[in-house]
Chemist: 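Can you read through this structure? Questions will come right after.
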Amino acid sequence: MEKQYSISPDGEKFQLPEPDDYTGEFQRLKNIVRDQRNKGREIVVVMGVGFVGAVMAAVVADTEDENGNPLKFVIGMQRPSTRSYWKIPLLNRGLPPVQAEDPEVLPMIHRCVHEKETLTATFTYDVLKLADVVVVDVQCDYLKESLGDVKNGQADMAALEKSLEIIAEHIPPDALVLIETTVAPGTTEQVAYPIMRKVFRKRGIKMDPLLAHSFERVMPGRHYVASIRDFWRVCSGTNEEATNRVVKFLEEVINTDEYPLTVLNRPIESETAKIVENSFRATILAFLDEWSLFAERNGIDLIKVLEAIRVRPTHSNIIFPGPGIGGYCLPKDGGLGMWAYRHIHGFEDDIFKITPLAININDTRALHVAQLTRDALRNMSRPLAAAEILLLGASYREDVGDTRYSGSELIVRRLTEMGAELKVHDPYVHHWWEFEKQDEYPSTMHSLKRFFRNQDKLSDLRVEQDLKQALHGSDAVIFAVRHKHYLDLDPDNVVKTAGSPLAVIDCFGILDDIQIKRYFELGCEVKGLGRGHVKRIKDQVRAEREEMLLSLSAKHQADRLS
Ligand SMILES: NC(=O)c1ccc[n+]([C@@H]2O[C@H](COP(=O)([O-])OP(=O)(O)OC[C@H]3O[C@@H](n4cnc5c(N)ncnc54)[C@H](O)[C@@H]3O)[C@@H](O)[C@H]2O)c1
């Protein structure tokens with residue numbers, strides 16, 4: 001059989017395990033678990049070590065009792081796919097499989113693997129046989145069939161359903177299974193429970209599976225760890241025992257003294273809390289899209305308007321929508337809720353109005369950035385076709401390397417469709433899989449590629465790490481993400497590095513008025529989402545220039561006459 005490899009974002013190649021490797025790996029785990037049990041530690045298996053699972057695994061592994069002794073031994077379990085296997089050897093070296101700005105992530109994983117020795121990672125499902133608690137952090141996607149119409153789509157439960165079946169086939173009957181995945185409301189009781197119960201019966205197990213749900217509120221970025229450990233949790237179990245077990249577990253691993261736990265009566269309530277929470281956020285972001293256009297067309301800086309509103313305590317969470325909302329969760333979670341209403345609960349009517357509208361607005365907001373780029377170049381008498389455009393930021397959010405559903409992807413796709421040549425820089429992203437593997441990622445037939453023409457060459461798009469090199473020769477630069485590297489870029493340096501004045505597009509309130517003014521003084525054109533006031537700055541620079549020319553010519557004339 002041909003050897004298969006999984007390549008990490010840094011380009012390191014890891015050979016996938018072969019059938020013979022499994023027995024030895026399980027023996028390794030059994031030996032460790034025996035020692036850990038002797039130390040009185042509970043064995044926790046975290047299934048899926050992605051953005052959530054990797055850091056959750058470390059938080060649990062870092063748990064100590066009042067005397068500073070570790071309470072848990074954690075095994076991160078990841079399926080050995082070519083796309084994801086590399087996360088296992090990386091974790092086993094004490095390295096995080098996610099890139100983030102939080103300075104706590106790396107030392108915490110390093111400490112747990114090498115000093116406390118409370119964390120390891122594996123590829124074998126047999127590990128589930130050793131678990132006291134299984135934390136499920138695999139993904140549950142919502143696949144959209146068209147652009148800007150979330151109702152035309154469906155939940156993709158395959159990975160989750162498969163995981164639950166595998167868990168039920170392996171775990172000790174009294175292991176707690178805690179689903180942290182964001183799921184369609186009703187999943188724990190009406191999908192997970194029947195799947196697991198059926199497998200239990202096949203195994204001759206009479207008791208019901210101990211199932212609970214508690215969703216993650218993690219925010220990858222500067223407060224990655226704290227957003228898991230020092231944050232409020234909601235949970236619920238399928239029966240009293242499961243509820244008691246999940247409460248005990250969360251009280252041990254999460255800082256529930258300062259961030260008290262909310263225990264709901266049924267898992268569907270915990271599942272719904274997550275979906276409503278994210279739909280609410282998607283809605284307040286989408287709501288500002290129309291005011292963003294209003295601002296652009298009426299000389300208003302929406303950034304300053306929002307700052308003014310935010311002072312009012314009742315409105316302090318009003319947030320500026322960047323070029324699309326992105327992130328793994330906000331674009332899909334409302335879809336999971338709507339899908340559940342029909343496909344899990346069997347209703348036929350259409351009660352959802354605001355949630356789908358908000359998602360559809362967010363999903364297409366980035367297209368407007370292509371229009372701003374086109375118009376800025378036109379004002380400089382340059383055609384968009386064949387223009388070299390540099391996009392700064394591929395991820396959906398500042399200071400993280402997660403590109404899932406980022407607005408930047410849509411900007412690249414639309415501008416490419418319109419004939420521009422795109423370059424991308426992002427210090428946190430080494431491979432932009434949405435392009436590099438656009439025919440199979442996120443899954444075959446589900447790339448956004450299919451909604452645009454002229455996309456084939458984007459498979460060759462590579463993320464530049466050298467900002468100077470990327471800027472060189474650019475006709476336009478799009479500030480798409482508020483990465484700290486972009487906040488203080490000096491306009492003089494940008495223009496000098498580019499080699500000539502260029503079109504500058506600000507998607508996220510990244511430029512302040514002094515920078516905007518300087519770009520105009522240097523002969524650039526500036527436009528921005530929600531930033532109508534740039535026209536005023538441009539007029540001011542033009543008036544100042546005319547005044548200067550007038551006074552120069554008056555002086556010239558006076559010199560000639562004297
Ligand atoms: N990323 C976030 O900011 C965030 C925030 C809150 C909640 N969530 C939710 O948490 C869940 C996980 O999200 P994520 O961002 O970590 O996703 P992810 O894709 O980064 O991680 C999921 C991991 O599970 C693995 N996996 C899939 N099937 C498996 C199986 N059968 N066995 C073992 N591993 C398997 C995948 O290979 C992947 O590594 C989702 O439901 C998401 O909505 C995410």
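Starting from 1, each residue takes its place in the sequence as its number. Because the structure is predicted, anything quoted here is derived from the model rather than measured. Ligands are counted one by one from 1 in listed order, and the atoms in each one are counted from 1 as well.
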Chemist: May I ask whether Lys162 has any heavy atom positioned less than 4.0 angstrom from an atom of ligand 1?
Modeler: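 No, Lys162 has no heavy atoms under 4.0 Å from ligand 1.
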Chemist: Between Ala366 and Gly407, which heavy-atom pair has the shortest distance, and what is it?
Modeler: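 Closest approach of Ala366 to Gly407: CB-O, 3.4 Å.
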Chemist: Could you check atom 27 (C) of ligand 1 against the protein and tell me its nearest heavy-atom contact, residue, atom and distance included?
Modeler: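 Atom 27 (C) of ligand 1 sits closest to the protein heavy atom Gln139 OE1, 3.2 Å.
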Chemist: For ligand 1, find out whether one of its N or O atoms is nearer than 3.5 Å to an N or O atom of Val52.
Modeler: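 Yes, at least one N or O pair falls under 3.5 Å.
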Chemist: Pull out every atom of ligand 1 sitting under 4.0 Å from any heavy atom of Met47, numbered as shown with elements.
Modeler: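 Listed by number with element, the hits are 32 (N).
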Chemist: Considering residues, nucleotides and ligands other than His446, do more than 12 of their heavy atoms fall under 6.0 Å from its NE2?
Modeler: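 Yes, the 6.0 Å shell around NE2 holds more than 12 heavy atoms from other groups.
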Chemist: Suppose we measure from atom 35 (C) of ligand 1 to each protein heavy atom; which comes out shortest, and what is that distance?
Modeler: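 For atom 35 (C) of ligand 1, the nearest protein heavy atom comes out as Val138 CG1, 3.4 Å.
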Chemist: Is the closest heavy atom of Lys87 to ligand 1 under 4.0 Å?
Modeler: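 Per 4.0 Å heavy-atom rule, Lys87 contacts ligand 1.
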Chemist: If you apply the rule side chain to side chain donor-acceptor pair (under 3.5 Å), what do you find for Asn92 with Thr120, and how did you get there?
Modeler: CA-CA 6 Å; Asn92 281 334; Thr120 190; 3.1 Å; yes
Chemist: Which residue supplies the protein heavy atom nearest to atom 3 (O) of ligand 1, what is that atom called, and how far is it?
Modeler: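 Minimum-distance protein heavy atom for atom 3 (O) of ligand 1 reads Pro220 CD, 3.2 Å.
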Chemist: Under 4.0 Å, counting heavy atoms only: does Phe215 come that close to any atom of ligand 1?
Modeler: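 Contact absent.
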Chemist: Return the closest protein heavy atom for atom 21 (O) of ligand 1 as residue, atom name and distance.
Modeler: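 Ranking protein heavy atoms by distance from atom 21 (O) of ligand 1, first comes Gly50 CA, 3.3 Å.
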Chemist: For ligand 1, is there an atom lying under 4.0 Å from some heavy atom of Lys332?
Modeler: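 Lys332 counts as a contact of ligand 1 under the 4.0 Å cut-off.
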Chemist: Just to verify, what does Tyr486 make a ring-ring contact (aromatic ring centres under 6.0 Å, His included) with, not counting sequence neighbours?
Modeler: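 Applying ring-ring contact (aromatic ring centres under 6.0 Å, His included) to Tyr486 gives His425, His483.
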Chemist: Which ligand 1 atoms, with their elements, are less than 4.0 angstrom from a heavy-atom of Tyr125?
Modeler: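 Near Tyr125, the atoms of ligand 1 are 30 (C), 31 (N), 32 (N).
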Chemist: Considering only protein heavy atoms, which is closest to atom 18 (P) of ligand 1, and at what distance to one decimal place?
Modeler: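 Checked against all protein heavy atoms, atom 18 (P) of ligand 1 sits closest to Arg404 NH1, 3.6 Å.
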Chemist: Pairs of nitrogen or oxygen atoms closer than 3.5 Å, one from Ile166 and one from ligand 1: do any exist?
Modeler: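 No - when backbone and side-chain N and O of Ile166 are compared with those of ligand 1, no distance drops under 3.5 Å.
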Chemist: Are any of the N/O atoms on Ser163, whether in the backbone or the side chain, positioned under 3.5 angstrom from an N/O atom of ligand 1?
Modeler: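 N/O-N/O distance below 3.5 Å exists for this pair.
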Chemist: So does Arg482 have more than 12 non-hydrogen atoms from other groups sitting under 6.0 Å from CZ?
Modeler: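 More than 12 within 6.0 Å, yes.
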Chemist: Answer yes or no for Arg83: is there a heavy-atom contact with ligand 1 below 4.0 Å?
Modeler: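 Contact absent.
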Chemist: Please identify which atoms of ligand 1 are closer than 4.0 Å to at least one heavy atom of Val218.
Modeler: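 So the atoms of ligand 1 that pass are 3 (O), 4 (C), 5 (C), 6 (C).
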Chemist: Run the side chain to side chain contact (heavy atoms under 4.5 Å, CB included) test against Asp230 and tell me which residues pass, sequence neighbours left out.
Modeler: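 In terms of side chain to side chain contact (heavy atoms under 4.5 Å, CB included), with neighbours along the sequence ignored, Asp230 is linked to Ala226, Asn255, Tyr259.
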Chemist: Tell me the closest heavy-atom pair linking Ala131 and Ala175, and the distance in Å.
Modeler: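 Minimum heavy-atom separation between Ala131 and Ala175: O-CB, 3.6 Å.
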Chemist: Does a side chain donor of either Asp208 or Tyr193 reach within less than 3.5 Å of an acceptor in the other side chain?
Modeler: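 The answer is yes; a qualifying pair exists.
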Chemist: What is the nearest protein non-hydrogen atom to atom 12 (C) of ligand 1, stated with its residue, atom name and distance?
Modeler: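 Residue, atom and distance for the closest contact: Asp137 O, 3.6 Å.
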Chemist: Looking only at protein heavy atoms, identify the closest one to atom 7 (C) of ligand 1 and say how far it is in Å.
Modeler: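 Its nearest protein heavy-atom neighbour is Glu216 O, 3.6 Å.
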Chemist: Should Glu409 and Leu448 count as side-chain neighbours, where that means a heavy-atom distance under 4.5 Å?
Modeler: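 Yes, their side chains come closer than 4.5 Å.
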Chemist: Could you tell me whether the side chains of Asp141 and Tyr328 share a donor-acceptor contact shorter than 3.5 Å?
Modeler: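 Yes - a donor-acceptor pair under 3.5 Å links their side chains.
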Chemist: Identify, by atom number and element, the atoms of ligand 1 in contact range of Lys274, meaning under 4.0 Å from any of its heavy atoms.
Modeler: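 What qualifies from ligand 1 is 6 (C), 7 (C).
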Chemist: Just to confirm my output: which protein heavy-atom neighbour is closest to atom 41 (O) of ligand 1, and how far is it?
Modeler: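 I find the closest protein heavy atom is Thr182 N, 2.8 Å.
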Chemist: Does Lys198 have more than 12 heavy atoms from other residues, nucleotides or ligands lying within 6.0 Å of its NZ?
Modeler: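 12 or below, so no.
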Chemist: Is there side-chain contact between Arg93 and Val113, with at least one heavy-atom pair below 4.5 Å?
Modeler: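 When only atoms from C-beta onward are counted, Val113 and Arg93 do not touch, as no gap falls below 4.5 Å.
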Chemist: Over all heavy atoms of both residues, which pair between Gly334 and Ser279 is shortest? Give the atoms and the distance, please.
Modeler: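 Looking at all heavy atoms of both residues, the closest pair is CA-OG, 3.5 Å.
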Chemist: Answer yes or no: is there an ion pair linking Arg365 with Asp289, defined by an N-O contact shorter than 4.0 Å?
Modeler: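 Salt bridge: yes.
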Chemist: For Tyr328, counting its heavy atoms only, list the atoms of ligand 1 lying under 4.0 Å from any of them.
Modeler: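 Answer for ligand 1: 13 (O), 15 (O), 40 (C), 42 (C), 43 (O).
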Chemist: Please report the closest heavy-atom contact between Ala54 and Ile109, naming both atoms and the distance.
Modeler: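 Minimum heavy-atom contact is O-CD1, 4.5 Å.
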Chemist: Which of the atoms in ligand 1, numbered in the order shown and given with their element, are less than 4.0 Å from a heavy-atom of Thr181?
Modeler: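 Atoms satisfying the 4.0 Å criterion: 41 (O).
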Chemist: Show the atoms of ligand 1 that are less than 4.0 angstrom away from any heavy atom in Ser84.
Modeler: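 Numbered from 1, ligand 1 contributes 37 (O), 39 (O).
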Chemist: I need the atoms of ligand 1 closer than 4.0 Å to a non-hydrogen atom of Cys329, numbered in the order shown.
Modeler: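 Listed by number with element, the hits are 4 (C), 5 (C), 6 (C), 7 (C), 8 (N), 43 (O), 44 (C).
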Chemist: Hey, looking at atom 37 (O) of ligand 1, which of Met77, Arg79, Gln78 has the closest heavy atom?
Modeler: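 Closest candidate by heavy-atom distance is Gln78.
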